[in-house]
Asks: 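There's a structure below that I have some questions on.
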Protein chains: 2
Amino acid sequence: MAPQNMAPQNMAPQNMAESVATSPATLNRLSVYLRSLQTLLREGVKRISSQELADRFQLSPAQIRKDLARFGEFGVRGVGYDVADLAARLTALLGLDRRQRLLIVGVGNLGSALGRYLGFNDESFQVVAGVDSAPQLIGKRISGVPIEPYDDLQGVVERSGAEIAVLTVPAEAAQEAYGRLVDAGIRAILNFAPVSIVERPGVRLKNVDLRIHLEELTFFLAARG
Amino acid sequence: MAPQNMAPQNMAPQNMAESVATSPATLNRLSVYLRSLQTLLREGVKRISSQELADRFQLSPAQIRKDLARFGEFGVRGVGYDVADLAARLTALLGLDRRQRLLIVGVGNLGSALGRYLGFNDESFQVVAGVDSAPQLIGKRISGVPIEPYDDLQGVVERSGAEIAVLTVPAEAAQEAYGRLVDAGIRAILNFAPVSIVERPGVRLKNVDLRIHLEELTFFLAARG
DNA sequence: AGATGTGAATGAGTTCACAGCT
DNA sequence: AGCTGTGAACTCATTCACATCT
């Protein structure tokens, strides 16, 4: 009946600028490299080779070089990488050189804990607003900002200037909240609701399913006896 | 010179029983399939084909079949899968047919929120204990169980029978807590501390780095302008 | 000499397409 | 006729090994 599935899916992710197509795994490693470099910086290390970096932080030297090479030439042949310089360039590459404004959607236990955890004492992330549909939460505070009504999501996004939403609503509410956020002009969403969201173009979505991570562990416990 | 790298690395992961070598990605998909089936069960759907399942939940039919085939024959050719049967078999395969006992290590904002989130109203997971090194927290409760002193970790693990630890301590404390948990006989650890833990054999470790997930989003915001 | 950056080789994971069973 | 289970083809990712530069 149906004229077969012709969905173009996620082709052509309107990659602008030099935005090379990059896998999540690669990006995640860049974050790991940056964090490692920050540790080295605190220790006063000035220069490091991919080999040393790998030894020190359980990484692969070839992969470090390949990952970095994708975005430019960051090192000096025969010498290695300047720790401060590479850290600064990765910081910029990952967009962490300016403060990102977070909106917490669904300020229950998990939402408020994540807000505090991600925004607390952090240069790169700042919780600028929280919304919830429970009337008794309205007016209370999360990370110093007042909780506002979910119904006014659009207005909250506009007034706060939030660009990233942390979605911590119940599973049943996630798809509708997603749509509202996209409509409101949010540009990226970190979703903790355990559902597969039907996506709309133009907005980055990253799913973090905590239960699935736990289930990865129980599989091995079950397998062993 | 060197007689080449002969490290056996992670061969032969003492895979007992039928425990086939399985990637995290595959396991995570099994969790997704199970959750999808549970939704169908609630809707009263009795039978489903890989094609329908894929259409409904944004999955790949070929991948569903391949993933399942790795663990046995779950369907009937020409017919499809029995929803209840497949759900039951995946539940067993993932070790979710018995209740898993969780220990929260580090009962700050994130730890207590995760404890509630993962253990609340859940058949498969139950928070059986919490430990923290802050004296003022001792004796308080998390998800109905009292918070005990971190120093008595060994005793808490033994008395509670916890098999899985949720590690939500500060980054600096994570490696030492990991060691203590392994010594205490914990069999799996879900780590939220943003450090790369040096692992010891015999214990499953899964890292969940929330900041890294956020940074995956900011990369794209930065790349677009 | 020493370490990067990179094409080539290998390995892992996904999709295709069809044989085989109901 | 229909849908699973699966080898083969293909795509994506990692590792190797070396030419290249300081």
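Lettering of chains follows the sequences in order, A, B, ..., and the numbering in each one begins at 1.
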Asks: Which is true for B/Glu73 with a 4.0 Å heavy-atom rule: it touches a base, it touches only sugar-phosphate, or it touches nothing?
Replies: sugar-phosphate
Asks: Just the atom pairs and distances: protein N or O near nucleotides 18-22 of chain D's N or O, under 3.5 Å.
Replies:
from, atom 1, to, atom 2, distance (Å)
D/dT20, O2, A/Arg77, NH1, 3.0
D/dT22, O4', A/Arg77, O, 3.2

Asks: Can you tell me the distance, in whole Å, between the CG atom of A/Leu68 and the C1' atom of C/dG5?
Replies: 10 Å
Asks: With a 4.0 Å cut-off on heavy atoms, is B/Thr26 in touch with a base, just the backbone sugar-phosphate, or nothing at all?
Replies: nothing
Asks: Do B/Tyr33 and B/Asp67 get their side chains close enough for a donor-acceptor pair, meaning under 3.5 Å?
Replies: yes
Asks: Figure out the CD/P separation between A/Gln63 and C/dT4, and round it to whole Å.
Replies: 15 Å
Asks: Among A/Thr91, A/Leu94, A/Leu30, A/Asn28, exactly one meets side chain to side chain contact (heavy atoms under 4.5 Å, CB included) together with B/Glu215. Which residue is that?
Replies: A/Leu94
Asks: Within this structure, what is the CZ-CG distance for the pair B/Arg200 and B/Leu205, rounded to the nearest 0.5 Å?
Replies: 12.5 Å
Asks: Compare side-chain N and O positions of B/Arg29 against OP1 and OP2 of C/dT14 and report whether any pair is under 4.0 Å apart.
Replies: yes
Asks: Give, for atom CD of B/Glu216 and atom CG of B/Asp209, the distance between the pair rounded to the nearest 0.5 Å.
Replies: 11.5 Å
Asks: So does A/Ser50 get a side-chain nitrogen or oxygen closer than 4.0 Å to the phosphate oxygens (OP1/OP2) of C/dT4?
Replies: yes
Asks: Looking at B/Arg211 and A/Ser124, what are the two nearest heavy atoms and their distance?
Replies: NH2-OG, 4.0 Å
Asks: Using heavy atoms to find the nearest nucleotide of DNA chain D for A/Ser23 and B/Tyr81 separately, return the residue whose nucleotide is more 5′.
Replies: B/Tyr81
Asks: To the nearest 10 degrees, how far apart in direction are the end axes of the helix from C/dA1-D/dT22 to C/dT22-D/dA1, each fit to five base pairs?
Replies: 0°
Asks: What I want to check is whether an N or O donor and acceptor connect the side chain of B/Lys66 with the base of D/dT6 at under 3.5 Å.
Replies: no
Asks: Classify the angle between the aromatic ring planes of B/His213 and A/His213 as parallel (below 30°), tilted (30 to 60°) or perpendicular (above 60°).
Replies: parallel
Asks: Send over the distance from A/Asp67 CG to D/dC16 C1', rounded to a whole Å.
Replies: 16 Å
Asks: For a side chain to side chain contact (heavy atoms under 4.5 Å, CB included) with B/Asp55, tell me which candidate from B/Glu52, B/Gln58, B/Gln51 qualifies.
Replies: B/Gln51
Asks: Which atom pair, heavy atoms only, marks the closest approach of A/Val169 to A/Gly106?
Replies: CG1-CA, 3.9 Å
